[in-house]
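Heads up, the thing below is written out as structure tokens.
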Amino acid sequence: MPRSDEAQAFFNAVYRAVQEIPRGKVTTYGHIAKLVGTPQRARQVGICLKQLGSSQDNARYNSENVPWQRVISAKGVISPRSEPSGAANQAVALGHDGVTVTIGPLGERMVDFAEYGWFPRILPSEEAQGLVPSDEEDEGDDGEGA
DNA sequence: ACCATGACTGGGG
DNA sequence: ACCCCAGCCATGG
């Protein structure tokens, strides 16, 4: 577990944000970092998910109630890790979510953001609670289409 | 206490 | 378009 209370707060914020990713959708480590207010700490988001244990550990946040599989790299690829089966497990879990994972030329497991990407500016829960400062500004944000 | 190692990323070469 | 690199900072030796 993290050393400081500050770090603990960051971990919890990340877990809560990840819990808001809808089933059948994915987002990036970097986007979660932005959602919790620390855009430079995408790497630490990865550390948070790595720390998730099973529900048997009596931890408030665990691999059962936090959909860790819905977070992938900004390249649209399931991040490889020391344990190769880890990425494979994530692909299986995503498949269970109804997300199609394709295999790239180098064996990378990739997900199409155009179809499965979830990138809100703020957390839906905050919006529902009216915690969002007033922000009625519009600009041509996205406009892609496959 | 110091150093190396990552579930990362955007920018430069 | 691909590779490299400086920030990032929790963990483990």
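Each chain gets a letter, A, B and so on, in the order the sequences are listed, and its residues count up from 1. Values below: every heavy atom of this structure, side chains too, minus hydrogens, waters and symmetry copies.
- Using a 4.0 Å heavy-atom cutoff across all strands shown, Gln44(A) reaches at least one base atom of the nucleic acid.
- Between Val36(A) and Ala17(A), the closest heavy-atom pair is CG1-CB, 4.1 Å.
- Distance CZ (Arg109(A)) to P (dA7(B)): 14 Å, rounded to an integer number of Å.
- Rounded to an integer number of Å, the gap from Asn12(A) CG to dA10(C) P is 14 Å.
- Between the NZ atom of Lys34(A) and the P atom of dC8(C) there is a distance of 16 Å, given to the nearest Å.
- Between the P atom of dC9(C) and the CZ atom of Phe10(A) lies a distance of 9 Å, rounded to the nearest Å.
- The CG atom of Leu52(A) sits 16 Å away from the C1' atom of dT11(C) (whole-angstrom rounding).
- Among the nucleotides dA7(B), dA10(C), dT9(B), the one closest to any side-chain atom of Ser73(A) is dT9(B).
- Here Thr38(A) lies out of heavy-atom contact (under 4.0 Å) with every strand.
- Side-chain contact, Gln90(A) with Arg70(A): no donor N or O sits under 3.5 Å from an acceptor N or O.
- Contacts of Pro39(A) with the nucleic acid, taken as non-hydrogen atoms under 4.0 Å apart, are absent.
- Side chain of Lys75(A), nearest nucleotide from dT9(B), dC8(B), dA10(C): dT9(B).
- dA7(B) atom C1' lies 9 Å from atom CD1 of Ile47(A), rounded to whole Å.
- For the pair Tyr29(A) OH and dG10(B) C1', the computed distance is 17 Å after rounding to whole Å.
- Side-chain proximity of Arg41(A) to the nucleotides dA7(B), dC9(C), dG10(B) is greatest for dC9(C).
- Note on ring orientation: taking the six-membered ring where Trp is involved, the planes of Tyr15(A) and Tyr61(A) are tilted (angle from 30° to 60°).
- Between the side chains of Glu20(A) and Ser125(A), at least one donor N or O lies within less than 3.5 Å of an accepting N or O.
- Residue Thr28(A) has no polar side-chain atom (N or O) positioned under 4.0 Å from OP1 or OP2 of dC8(B).
- With hydrogens and angles ignored, no donor-acceptor pair closer than 3.5 Å exists between the side chain of Arg81(A) and the base of dG6(B).
- Arg43(A) places its CZ atom 11 Å from the C1' atom of dA10(C), with the value rounded to the nearest Å.
- Atoms OH and CD1, on Tyr29(A) and Ile72(A) in that order, are 8.5 Å from each other to the nearest 0.5 Å.
- Distance from the side chain of Ala7(A) is smallest for dA10(C) among the nucleotides dG6(B), dA7(B), dA10(C).
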